[in-house]
S.K.: 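Just dropping this structure here.
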Amino acid sequence: NPVDQPQPDPKKKTLVVLGTGWGSVSLLKKLDTENYNVVVVSPRNYFLFTPLLPSCTVGTIEHRSIMEPIRNFLRHKKAAVKYYEAEATKIDYEKRLVYINDESPIKGDVSQTQIPFDMLVVGVGAENATFGIPGVREHGLFLKEVGDAQAIRNRIMDCCETATFKDQSEEERQRLLHMVVVGGGPTGVEFAGELQDFFHSDLKKWIPEIKEKFHVTLVEALPNVLPMFSKQLIDYTEKTFAEETIDIRTKTMVKNVTDKYIEAESTGPDGKKQLERIPYGLLVWATGNAMRPLVKDLINQIPAQKDSRRGLAVNEYLVVKGADNVWAVGDCAVANYAPTAQVAAQEGAFLARMFNQMAKSEEIEAKLAELSDVQEKASSKEARNQAFDEIKDLQKRLRRMKGVNPFEYSHQGSLAYIGSEKAVADISWFSGNIASGGTITYFFWRSAYLSMCFSTRNRILVLMDWVKAKVFGRDVSRV
Ligand code: FAD
Ligand code: NAD
């Protein structure tokens with residue numbers, strides 16, 4: 001074993017945490033790492049503040065401003081935490097092993113190995129849903145990771161520059177400047193809003209030739225966008241989009257994607273279905289989540305999970321049903337809550353509190369065993385009585401510790417940016433709900449997300465990006 005690597009303490013249990021997203025990082029933040037040998041495995045060596053990712057697609061915010069290196073934050077933990085930049089490729093539940101692969105471009109002599117665990121937290125999130133629609137993976141761009149946002153930013157610029165290429169036909173110009181977003185959930189809506197902002201404030205100034213043809217269309221299969229928001233805010237969003245000249249095509253389901261057009265089936269007011277071809281230059285696919293193969297494979301190993309379709313079914317303590325000592329948080333877990341950062345963060349924090357208590361209870365149990373031994377072997381009545389009193393005290397503490405309440409999600413509300421310096425918010429207020437949309441809500445949205453950023457460093461960087469974009473405009477270079 002390399003001498004410079006701290007060895008696991010054989011007296012402590014090994015807790016393996018998969019992922020460095022909202023769920024896992026929120027767990028690691030609150031976890032007392034002195035209680036366990038903590039090992040973190042994730043292909044992403046940073047935490048990503050996803051709520052501001054749509055802003056990175058157009059350069060309102062630079063991506064590094066919303067990334068926090070995992071090393072930076074782990075080094076402040078009380079006890080050392082081991083981090084491996086790798087993808088968990090298989091969890092062997094019976095053998096209590098996680099198989100990991102280094103999938104990064106640089107590989108050493110060893111790039112595949114395994115980690116034994118006593119306790120495992122699965123926080124690997126989800127992948128993009130495509131519903132098996134042909135052509136999506138080949139021609140569409142997703143919006144989940146930093147690389148996706150960069151690819152979108154480049155593609156927007158490429159389309160604009162290619163549209164203005166010498167002798168380009170009108171029809172081709174129109175196609176290239178047609179930006180299609182599929183999925184009217186918050187990801188699709190926020191991206192469409194950001195894109196339209198980019199066009200209004202910067203693109204049309206820098207490249208006036210595209211002014212007449214640049215167009216954003218949002219395609220949604222359901223009768224309206226943002227189904228999780230209240231009716232009033234759905235109407236407000238649709239009205240704002242109409243004013244911003246973003247076309248919303250509801251009741252339109254994409255069935256096929258080629259490199260230059262999508263085929264979508266729309267339902268008219270008379271209920272008649274019609275298949276049409278919609279040419280595009282940029283296609284952003286934002287139709288929600290699907291299970292990762294790692295999660296599917298674990299589900300197949302556990303008989304109690306045979307009916308799980310959307311992720312790992314967990315109980316009220318976030319234990320994966322049918323699997324002792326395995327917990328799941330965030331988008332890969334199904335606990336009857338929406339797959340949001342808010343839920344994942346609360347689940348992670350809950351697990352940290354529970355693990356901290358479990359460690360304390362185990363410590364007390366060990367002490368109790370020691371004391372009952374002392375009591376048995378005590379030679380004087382006085383020593384026996386003293387041990388008895390201490391045991392009673394500890395038993396009381398233990399009972400208090402073991403009374404951990406189950407996980408309960410507390411919904412703080414939903415927020416989304418819709419472009420033109422407007423946002424919508426459904427905020428839980430005492431037992432009621434406040435729905436608001438507009439410019440004041442936009443300032444609330446900005447301050448709420450700024451305060452939620454991972455670190456002060458992130459907060460300052462985001463603030464500086466906002467000022468920079470306002471003063472100098474967004475950068476339109478393609479890299
Ligand atoms: P993630 O945050 O996705 O993290 C998963 C982690 O697992 C990553 O570190 C990943 O690298 C790692 N991983 C993946 N595969 C493996 C593997 N095989 N082995 C090990 N590690 C692995 N929610 C809100 O509440 N509010 C918002 O405003 C909001 N905005 C969003 C905007 C966008 C553009 C997107 C895409 C999502 C947004 N969400 C928002 C949803 C929110 O980001 C997710 O619900 C949240 O990220 C889920 O957290 P998680 O920890 O489950 O997964
Ligand atoms: P989503 O699941 O919320 O929405 C996807 C939409 O795509 C659905 O409305 C669905 O009807 C539509 N769709 C699916 N297939 C289609 C097809 N073939 N053609 C046309 N439309 C199709 O997905 P999302 O927006 O990526 O959000 C994922 C999760 O992240 C959600 O839980 C969401 O709440 C959360 N999130 C929250 C925020 C926020 O709070 N601001 C922002 C982004 C994401």
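The first residue of the sequence shown is numbered 1, and numbering continues consecutively from there.
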S.K.: Applying salt bridge (charged side-chain N to carboxylate O under 4.0 Å, His left out) between E362 and each of K13, K367, K12, report the one that passes.
M.R.: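 For E362, the salt bridge (charged side-chain N to carboxylate O under 4.0 Å, His left out) test succeeds with only one of K13, K367, K12, which is K13.
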S.K.: State whether a side-chain donor-acceptor pair under 3.5 Å links E194 with T57.
M.R.: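 Distance-only check fails for E194 and T57.
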S.K.: Please report the closest heavy-atom contact between R153 and G59, naming both atoms and the distance.
M.R.: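 Looks like CZ-CA, 3.5 Å.
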S.K.: If you define the side chain from C-beta out and look only at heavy atoms, does anything of V462 sit under 4.5 Å from C453?
M.R.: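 Side chain of V462 against side chain of C453, heavy atoms only: contact under 4.5 Å found.
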S.K.: Ignoring hydrogens and angles, write down the donor-acceptor pairs under 3.5 Å from the side chains of residues 323-351, residues two or more places apart or on other chains.
M.R.:
unit_1, atom_1, unit_2, atom_2, d
D331, OD2, N289, ND2, 3.4
T340, OG1, V343, N, 3.2
Q342, OE1, Y409, OH, 3.1
Q342, OE1, Q412, N, 2.8
Q342, NE2, G413, O, 2.9
Q346, OE1, S410, N, 2.8
Q346, NE2, S410, O, 2.8
E347, OE1, G330, N, 2.7

S.K.: Identify the two heavy atoms, one from N128 and one from K144, that lie closest to each other, and give their separation to 0.1 Å.
M.R.: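 Heavy atoms of N128 and K144 come nearest at OD1-CD, 3.7 Å.
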S.K.: Between L31 and L15, is any pair of side-chain heavy atoms under 4.5 Å apart?
M.R.: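 Yes. Closest side-chain heavy atoms under 4.5 Å.
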S.K.: Pairing donors with acceptors under 3.5 angstrom, does anything connect the side chains of E220 and N224?
M.R.: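 Absent: no donor and acceptor within the cut-off.
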S.K.: Do S42 and F47 touch side chain to side chain, with heavy atoms closer than 4.5 Å?
M.R.: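 No - every pair of side-chain heavy atoms lies 4.5 Å or more apart.
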S.K.: When you check the side-chain N and O atoms of W22 and T50, is any donor under 3.5 Å from an acceptor?
M.R.: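 Judged by distance alone, the side chains do pair up.
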S.K.: Less than 4.5 Å apart, any side-chain heavy atom of T441 and any of V424?
M.R.: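 No; the side chains remain at least 4.5 Å from each other.
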S.K.: Can you name the closest pair of heavy atoms from P54 and P51 and give their distance?
M.R.: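 Closest heavy-atom pair between P54 and P51: CD-O, 3.6 Å.
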S.K.: Side-chain donor-acceptor pairs under 3.5 Å in residues 106-125, sequence neighbours left out?
M.R.:
unit_1, atom_1, unit_2, atom_2, d
K107, NZ, S104, O, 2.7
D118, OD2, T14, N, 2.6

